[in-house]
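These notes concern the structure reproduced below.
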Amino acid sequence: MVEAHHHRPTLKQSNKHFKSKHATKSSLKDAAKGRIARTSPKASATSNASAQTKLNRRNNAKQAQAKKRNALVSATRLFSGVDGAPRIVAVIPLSPDIDPKSIVASLAESLDVSTDDCPQSGIWKMKAERFKTSLQFINVPYKNFYAALDACKVADYVVFALSTTIEVDTWGDTLLRTLQAQGLPDVVTVAASDPAIDAKSRPGILKSLLSFIQYFVPSQTRIFDLFATSDRLNALRSLSEGKPADVRWREGRSWILGETAEWGNGQLRVTGVVRGSSLSANRLVHIPNFGDFQISKILSAALPRHSKAGQVVTMEVEPATLAEPDPEEADSLVSSNDPDDLANEQTWPTEEEMNGCGDFEQPSIPDADKGTTPKAVKRIPKGMSAYQASWIIDESDGEDDEDPEAKGEGDEVEMEEIAEEEEEMQDMPMDDDMESERRVTFQDLDNEEEERQLNSWRNREREEEDDHQFPDEMDTPKDIPARVRFQRFRGMRSFRTSPWDPFENLPRDYARIFQFEDFKRTERGVRRRAEQELAVVEPGVRITVFLKDVPQEAATTGPVTLFALLQHEHKISVLNFTVQRNTEYDGSVRSKDPLVLCVGPRRLNVNPIYSQHTRGGGKGANNVHKFERFLRHGLTSVATTYGPIIFGKQPCIFLRETANVQAPELVSMGTFVNPDTTRVIAKRVVLTGHPFKVHKKTATVRYLFFNADDVHYFKPIQLHTKHGRTGHIRESLGTHGYFKAHFDGPISQMDTVCMSLYKRVYPKFATLWIAGSAREITATGDDVMEE
C-alpha cells in the first residue's frame with residue numbers, strides 16, 4: 001500500500017485564534033487568568049464612566065475657578081464702594097534719614113492727591129479713585145519701637161522704607177526680627193527717593209537692598225524705587241488691589257483702629273471700622289499700655305456724604321444703637337480668685353488618736369532591695385573559713401533583740417567568760433563578694449587639716465570649662481547644715497517616672513489662678529459660641545465704641561487701637577511658652593530675669609522661669625520637667641509665668657529693656673503652648689563629694705557633708721557618680737561628714753560622687769507694661785539659685 005505524502009512539521013502554519021467582540025463572561029474570566037483590573041483613583045465611586053469624560057473635567061475646573069473668584073470678591077468686598085473700609089497701611093522707616101510723611105507724599109503724588117494735611121506721626125486717610133478704594137496710612141516715626149509693633153498688628157499692609165545711602169542699623173535689624181516673630185501681613189518695600197544717586201549705581205543699590213530684605217521677608221521679589229514715577233504707581237497699585245494676606249494669630253478676633261478718640265464723663269469714645277471678625281458688646285476690649293475694659297454701648301457712625309462738587313453734605317444721620325452688653329452674659333473684670341483661708345481642708349483627730357496610740361500597731365517594714373542595705377554579720381571563731389562558717393547555725397539572733405540593760409545583768413564570772421569568748425570570735429559579713437566588704441582604714445583628721453584639704457579640692461581645675469555641662473552642681477555649705485539648707489528638697493529615684501503629686505504643698509498664689517479641666521475643649525466651646533452669637537457688629541461697619549473707666553491719658557497718646565478679647569481671656573492662669581534664643585543676642589539670660597513679654601495684643605512685665613522641653617511636647621509619665629537656670633542658644637525651652645489666658649497658637653516675643661525705652665533687645669521668640677497648672681518644674685541641685693579611699697565597690701566619701709547628722713538625714717537618697725555608678729550610704733564615719741558608701745560596681749578615685757536633690761519652683765505674677773515707666777528690677781542670686 002502506497003503511503004500518502006505529508007509535509008514536514010516545521011512548515012506547518014498556525015493561524016491566530018478568532019477574537020470575538022461579544023465574548024462571554026466565562027471566556028473573559030479564563031483570559032484574565034485571575035487578574036483584576038485596577039480602578040483609577042480619579043474615578044468617582046458612583047459614576048466611573050462619566051467622571052472621566054473630558055466635558056466633566058472641564059466643568060469641574062470651571063467650578064473651582066468660579067469658587068476661587070467668588071472667594072476673592074467676597075474678601076475684597078469689604079474695601080469696595082463708597083462706604084468701604086479703608087486699607088490700613090503701616091509705614092515703617094528703617095533708617096534715620098527717612099521721613100514717613102515723605103514716603104506717603106511720594107505715593108500720593110502718583111494720583112495727584114494733596115498731602116498738606118498729612119501728619120508727621122499718626123493716621124492719614126487717602127481716597128484712591130483710580131483703584132476705587134481708600135487707604136489709611138499709619139505714619140510711625142523712626143525709633144518708635146512699640147508704636148511700630150502696634151501698627152503692624154492692625155495693618156493690612158506694611159511698607160518698609162529703606163535708605164539708598166545709609167545702612168540699616170542695629171535698631172532696624174532688631175525691629176525686623178521682632179516683626180518677623182510677631183507675624184507680618186503683606187509687605188511692600190520701597191527705596192526713598194534720592195536724586196543725588198546716578199543712574200548707573202542705582203540698580204546695584206536696589207539689588208543689594210532686595211537681598212537684605214529677603215533675609216527677613218523671603219516673599220519679596222522687588223523693591224519699588226520712589227524716584228521713578230512708574231514704581232510709585234506700581235507700589236500704590238500693590239497696596240490698593242488684591243486681598244491682604246491673613247495673619248494667623250488674628251483669626252477669629254476683631255480689632256478697631258481708632259480714627260478719633262474722645263474722653264468724657266469717665267468714658268472713652270473711639271470711632272473706627274470693625275475689622276477681622278464680628279465684635280460683641282459682651283466681651284472685653286484691650287487697649288495697649290492701659291489694660292482691659294468693658295464696653296458700655298456701641299453706636300453707628302456713618303461717614304459724611306460728599307457731593308460731586310466736593311462739598312460735605314450737611315444732612316446728619318442720627319446714630320443708632322447697634323449693641324449693648326447683656327448683664328448676665330457680659331464678662332467681668334475679675335481676673336483672679338480671692339482665696340478663703342477658712343475654706344481650706346481641716347482635719348480633726350479621731351477618738352483613738354485622742355485616747356492614745358497604745359493599740360496602734362507599727363506597720364511592717366518591707367525588705368530592702370538587694371544591694372541597698374548592709375548584709376547580715378555572723379560571729380565565727382577566729383581562723384574559720386567562709387565555707388566552714390556556712391555550716392554554723394547562728395543562735396544569737398534572739399539575743400540581739402534583748403534590752404541592753406538585760407544583757408548587762410550577771411555576776412563577774414559570767415562577764416569574764418563572755419569576755420574570753422568575745423576575744424576568740426570575729427565578725428564575718430554574709431556576702432558573696434567577701435573582698436568588697438573589707439573595711440577601709442579610717443583616720444579622723446583635725447579641723448585645720450580638714451580645712452586645708454577642702455580648699456585644695458575646691459580650688460582644683462575642673463574638667464569642664466564652665467557651668468554649661470553641669471549647670472546644677474553645687475558645693476555643700478559649711479556654715480549651714482545641709483539638712484537645713486536643703487530641707488525643701490527631696491530625692492527621686494527616677495526623674496522621669498517617679499511620682500510627684502502636682503497638688504502637694506502648693507503656694508497661696510495657686511489659689512488665685514484659674515485651672516481648666518480640658519483647655520482644648522474650652523477653646524472650641526468659646527469659639528463656637530462666638531460664631532453663634534447674634535447681638536454682634538459685623539466687620540466693615542463704622543461704629544463708635546463707648547468704654548467704661550478708661551483713664552484720660554488713653555485719648556491723647558497717639559492712635560488708639562482696640563483689640564476684642566475672647567471669653568475667659570481676662571482670667572489669670574499659668575502660661576507656658578516654647579521659646580528659642582535670638583541668635584544675635586549674646587547676653588546671659590537667667591531664670592526670673594525681668595523681661596517684656598509681647599503676646600497677642602498684650603505687653604506684660606514678666607519674670608519667666610525656664611524648664612526643659614520634652615521631645616514631642618508630651619508630659620511624660622509624671623509631668624515633671626527640669627528647671628533651667630539659663631536660657632541657652634540652640635535649645636528649645638519652656639518659659640513659664642503667671643498671666644492672662646490666651647487662646648490659639650499665639651506667637652510670643654521676649655524683650656529686655658535698655659536705657660532707651662524705645663530700643664529694647666530681642667532675647668527670644670516662641671509660641672504659646674497651654675495653661676497647664678499641673679506642670680511640675682523641679683529644680684535640681686547636685687551635691688558632689690570626693691572618694692577619699694576606694695576599695696573596689698566600697699569607698700569613703702568626704703566633702704559631700706560636714707557633720708554626721710547630715711549623713712544620717714540624707715542616708716535614704718541614692719548616690720551616683722559621673723561615670724555612671726549608683727550606690728547608697730552605708731554608715732557615717734567620724735564627726736566631719738565622712739561616710740562609707742557601697743556602689744553597684746568598682747569605682748575609681750578619679751570619679752566624683754553626686755547626690756541629686758529636687759524642689760518644685762513657681763513663677764511670678766506678670767504686670768501690665770506701660771510705656772515710659774521702665775522698671776529697674778534685677779534678679780538676685782538668691783532668687784535664681786535658691787528659689
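When reading the values below, keep in mind they use all heavy atoms of this one structure, side chains included, and skip hydrogens, waters and symmetry mates. Quantities reported herein were computed from a predicted structural model and do not represent experimental measurements.
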- Query: If you round to the nearest 0.5 Å, how far is NE2 of H568 from CD1 of I645?
  - Reply: 8.0 Å
- Task: Inspect the contact between R529 and E329 and indicate whether a charged nitrogen and a carboxylate oxygen are less than 4.0 angstrom apart.
- Result: no
- Message: Do N576 and N674 pair up side chain to side chain, a donor and an acceptor below 3.5 Å, judged on atom types alone?
- Response: yes
- Where do H690 and T752 land on the side chain to side chain donor-acceptor pair (under 3.5 Å) test, with the steps shown first? CA-CA 6 Å; H690 173 55; T752 303; over 6 Å; no
- Query: Is there a donor in the side chain of N582 and an acceptor in the side chain of S668, or the other way round, less than 3.5 Å apart?
  - Reply: no
- Item | Point-to-point distance, once rounded to the nearest 0.5 Å, from CZ of R725 to CZ of F743 | 10.5 Å
- Is there a side-chain contact between L333 and L284 (heavy atoms, below 4.5 Å)? yes
- Task: Check the pair Y510 / F503 against ring pair (Phe, Tyr, Trp, His ring centres under 6.0 Å), numbers first and verdict last.
- Result: CA-CA 10 Å; Y510 253 61; F503 303 102; 8.4 Å; no
- Between T476 and Y703, is any pair of side-chain heavy atoms under 4.5 Å apart? no
- Task: Could you tell me whether Y146 and W769 have their ring centroids closer than 6.0 angstrom?
- Result: yes
- Look at D150 together with K153 and state whether they make a salt bridge at an N to O cut-off of under 4.0 Å. yes
- Message: Main chain of H625, side chain of Q612: is a donor-acceptor contact present, judged purely on distance under 3.5 Å?
- Response: no
- Task: Check whether the side chains of N282 and E533 place a donor and an acceptor atom closer than 3.5 Å, and report yes or no.
- Result: yes
- Closest approach of A766 and V606, non-hydrogen atoms and distance? CB-CG1, 3.5 Å
- Query: Think R603 forms a cation-pi with F654, using NZ or CZ under 6.0 Å from the six-ring centre and within 45 degrees of its axis?
  - Reply: no
- Query: Are any non-hydrogen side-chain atoms of N607 and P594 less than 4.5 angstrom apart?
  - Reply: yes
- Message: side-chain contact (heavy atoms from CB on, under 4.5 Å) for N605 and L768? Distances and angles first, verdict last.
- Response: CA-CA 6 Å; N605 287 321; L768 181 67; over 6 Å; no
- Task: Quick one: do V574 and T640 satisfy side-chain contact (heavy atoms from CB on, under 4.5 Å)? Show the steps, please.
- Result: CA-CA 7 Å; V574 178; T640 304; 3.5 Å; yes
- Sorted by first residue and then second, give each salt bridge (charged side-chain N to carboxylate O under 4.0 Å, His left out) pair with at least one member in residues 633-653; sequence neighbours left out. none
- Do the side chain of S573 and the main chain of F514 share a donor and acceptor less than 3.5 angstrom apart? yes
- Message: Counting C-beta onward and ignoring hydrogens, is there a side-chain heavy-atom pair between I609 and K592 closer than 4.5 Å?
- Response: yes
- Item | Verdict with reasoning, D676 to T678, per side chain to side chain donor-acceptor pair (under 3.5 Å) | CA-CA 6 Å; D676 187 6; T678 61; 2.7 Å; yes
- Check the side chains of T583 and H633 for a donor-acceptor pair under 3.5 angstrom, ignoring hydrogens and angles. no
- Query: Could R253 and F647 be counted as a cation-pi pair, given that NZ or CZ must be under 6.0 Å from the ring centre and within 45° of the axis?
  - Reply: no
- Decide side-chain contact (heavy atoms from CB on, under 4.5 Å) for I287 and L562; before the verdict, give the C-alpha distance in whole Å, the side-chain angles of both, and the deciding distance to 0.1 Å. CA-CA 5 Å; I287 302 178; L562 306 181; 3.5 Å; yes
- Quick one: do D292 and R602 make a salt bridge, cutoff under 4.0 Å? yes
- Message: Walk me through whether E628 and V589 qualify under side-chain contact (heavy atoms from CB on, under 4.5 Å).
- Response: CA-CA 11 Å; E628 294 287 348; V589 183; over 6 Å; no
- Task: Before accepting this row, confirm whether a basic side-chain N of the pair R684/E473 lies closer than 4.0 Å to the acidic partner's carboxylate O.
- Result: no
- Message: Can you tell whether the side chains of R512 and D338 come within less than 4.0 Å, N to carboxylate O?
- Response: no
- Among all residues two or more places apart in sequence or in another chain, which pass the salt bridge (Lys or Arg N to Asp or Glu O under 4.0 Å) test with E531? none
- Check whether any side-chain heavy atom of K571 lies under 4.5 Å from a side-chain heavy atom of P644, and answer yes or no. no
- Message: Tell me the closest heavy-atom pair linking T641 and P763, and the distance in Å.
- Response: CA-CB, 3.6 Å
- So CZ of F145 and CH2 of W171: to nearest 0.5 Å the spacing works out to 7.5 Å
- Would you say the side chains of S637 and R632 form a donor-acceptor pair under 3.5 Å? no
- Does E504 come within less than 4.0 Å of R490, counting only side-chain N to carboxylate O? yes
- Task: Look at the side chain of H286 and the backbone N and O of F563, then say whether any donor-acceptor pair between them is shorter than 3.5 Å.
- Result: no
- Message: Taking the side chain as everything from C-beta on, heavy atoms only, tell me whether F293 gets closer than 4.5 Å to V285.
- Response: no
- Query: Given side chains that start at C-beta, do those of L257 and I138 come closer than 4.5 Å, heavy atoms only?
  - Reply: yes
- Could you tell me whether the side chain of R275 reaches within less than 4.5 Å of the side chain of P539, counting heavy atoms only? no
- Message: Between D186 and A245 (side chain of the first, backbone of the second, donor and acceptor by atom type, cut-off under 3.5 Å), is there such a pair?
- Response: yes
- Query: Checking N660 side chain against Q662 main chain: does a donor-acceptor pair fall under 3.5 Å?
  - Reply: yes
- Note on the structure: Output for pair (C598 SG, Q650 CD), nearest 0.5 Å, gives 12.5 Å
- Side-chain donor or acceptor of D710 paired with backbone N/O of A482 under 3.5 Å: yes
- Apply side chain to side chain donor-acceptor pair (under 3.5 Å) to the pair R679 and S611, showing each step before the final yes or no. CA-CA 10 Å; R679 179 185 176 92; S611 57; 3.0 Å; yes
- Message: Please give me the minimum heavy-atom distance between A741 and V701, naming the atom from each residue.
- Response: CB-CG2, 4.3 Å
- Message: Pairing donors with acceptors under 3.5 angstrom, does anything connect the side chains of Y585 and R656?
- Response: yes
- Closest contact, heavy atoms only, F290 versus P551: CD2-CG, 3.7 Å
- Between V274 and S254, what is the shortest heavy-atom contact and its length? CG1-CB, 4.5 Å
- Query: Hey, what do you get for CE (M474) to CG (L687), rounding to the nearest 0.5 Å?
  - Reply: 8.0 Å
May I have the list of side-chain donor-acceptor pairs in residues 172-179 shorter than 3.5 Å, sequence neighbours left out?
{"residue": "D173", "atom": "OD2", "partner": "R177", "partner atom": "NE", "Å": "2.9"}
{"residue": "T174", "atom": "OG1", "partner": "T170", "partner atom": "O", "Å": "2.9"}
{"residue": "T178", "atom": "OG1", "partner": "T174", "partner atom": "O", "Å": "2.7"}

- Message: Using modelled atom types and a 3.5 Å cut-off, is there a donor and acceptor pairing between side-chain atoms of S591 and backbone atoms of Y610?
- Response: yes
- Note on the structure: Exactly one of R527, R521, K520 clears salt bridge (charged side-chain N to carboxylate O under 4.0 Å, His left out) with E523, and that residue is R527
- Are the ring centres of Y758 and F495 closer than 6.0 Å? yes
- Note on the structure: Note: Q220 and T189 closest approach over all heavy atoms is OE1-OG1, 2.8 Å
- Are the aromatic ring centres of F714 and F486 under 6.0 angstrom apart? no
